[in-house]
Amino acid sequence: MNISVNYSEDYQGLVSAELHEKLQAIHEGIQTKTSTGSDFLGWVNWPSSLTPEFLQDIKVTADRIRSNSEVLVVIGIGGSYLGSKAVLEALSTPFQKDDHLEVIFAGQLVSGSYLKQLIAYLDSKEVTLNVISKSGTTTEPAIAFRFLRQYMEERYGEESASRIIVTTDEEKGALLSLAKEKGYKRYVVPGDIGGRYSVFTAVGLLPIAAAGHDIEQLIAGAKKAEEELQVFDIKSNAAVKYAVIRKHLYDKGYPVEIMATFDEKLTYVQEWWKQLFGESEGKEGKGIFPASVLYSTDLHSLGQYIQDGKRMLFETFLMVEKASDDLTVFEAEDNRDELNYLSGLTLHDFNKACHEATASAHLAGGVPQITLMMEQLDEKHIGHLLYFYMMACAYSAYLLDINPFDQPGVEDYKRNIFKILKKPGY
Ligand code: PA5
């Protein structure tokens, strides 16, 4: 099980002796946790350091939520929301109302109408809240929590304390003091793991387990990736390879990467990837802008721009080798739609052909191509994929001499909003 990385040009030729040396230094810096931002490299060995007791504790809490609730509202933004959302969507079974607990997100945006309608919807369901904020002070989820906490207290009275779970820093933040005061069950966001690298901590694991997915398999996949990517080999280390190709394309004048997929279940993996790479790399006037498209939908929309618009894009296909479910085109007696030439073809195979056709058209149109291939969409392979992306992101940022783990730019809008709204002290 691994992620294969294919590039439309010669990859080996990209790695000069100088680059090889730099990559090796980056690799050692990450593995020995000595590189810039080393205080935030806790995610590197996190999958292999997770204990069965910790996973069991998450599973017990998840089972309790499933036994007394129909809806889990997860309140969070950025890295405190996108990881679990990405995994839940990737493993989802659309249109099926099964026994899975429904997970609904809040606090990822500020909307009175969203919150009002959510609260109205919750009225006929049994509910648990999981509020997630590493800092414990982020305004958007804090606003959502203020309304939803009031709702829970009015509805459940004393019982509300056992229906609210807080995932936050171990030592600081307004959310921590509130959780202590109210006696909420608490999970810790480790101090050395930043939000967008936290999907394998309680931040991601609790909502994923509560939805009924196998977190042991998710971690097994991440652990496998951790093992594989510990080996520094520029030919076989997929994270190094992806980072090298991205940097090469960036230097050649392609500052925008489009992540393309044919599977709508991967839409939130794309969103998570955009946050991971955008927030990690986009600093000091540098960085590749991450964008995403869903095909075939966007072949009839942004596809025109990609084929013929301003030449600044490269495209990375995220492909899944095996379909989880499929249909085969059948022979129709009347052939009025003239599709009998497709009979016997699975829809997955149609997408494979469409990938080939699109990639070669876009390449001819001046859009360099990368293909990332994963085997299938299940917990194990998704765990592997997400870890791969985190490691590739660290290499990519370090290749640009950027600290991947801070986000100074995010503070600017916050300061302004506090000033505009006259927060004391601003
Ligand atoms: O990756 C990050 O660090 C950010 O995107 C954070 O996850 C996001 O800003 C939310 O922060 P917090 O969890 O402190 O509320």
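Predicted model, so just to flag it, every value in this text is computed and none were measured. Only heavy atoms go into these numbers, but all of them, side chains included; no hydrogens, no water, no symmetry mates. Note that ligands are numbered from 1 as they come in the structure, with each ligand's atoms numbered from 1 the same way. Here, residue 1 is the first one in the sequence, and each next residue gets the next number.
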Is any NZ, NE, NH1 or NH2 atom of the basic residue among K414 and E140 found under 4.0 Å from an Asp or Glu carboxylate oxygen of the other?
-> no
Listing by chain and number, which residues have a heavy atom under 4.0 Å from ligand 1?
-> I77, G78, G79, S80, S133, K134, S135, T138, G195, R196, Q275, E279, Q407
Can you sort out the partners of Y151 under ring pair (Phe, Tyr, Trp, His ring centres under 6.0 Å), two or more places apart, ordered by chain and number?
-> none
Ring-ring centroid check H384 Y389, cutoff 6.0 Å | no
May I ask you to decide whether E375 forms a salt bridge with K380, counting only side-chain N to carboxylate O separations under 4.0 Å?
-> no
Between Y242 and Y395, does the ring centre distance come in under 6.0 Å?
-> no
Shortest non-hydrogen contact between Q369 and Y7, atoms and distance = O-CD1, 3.4 Å
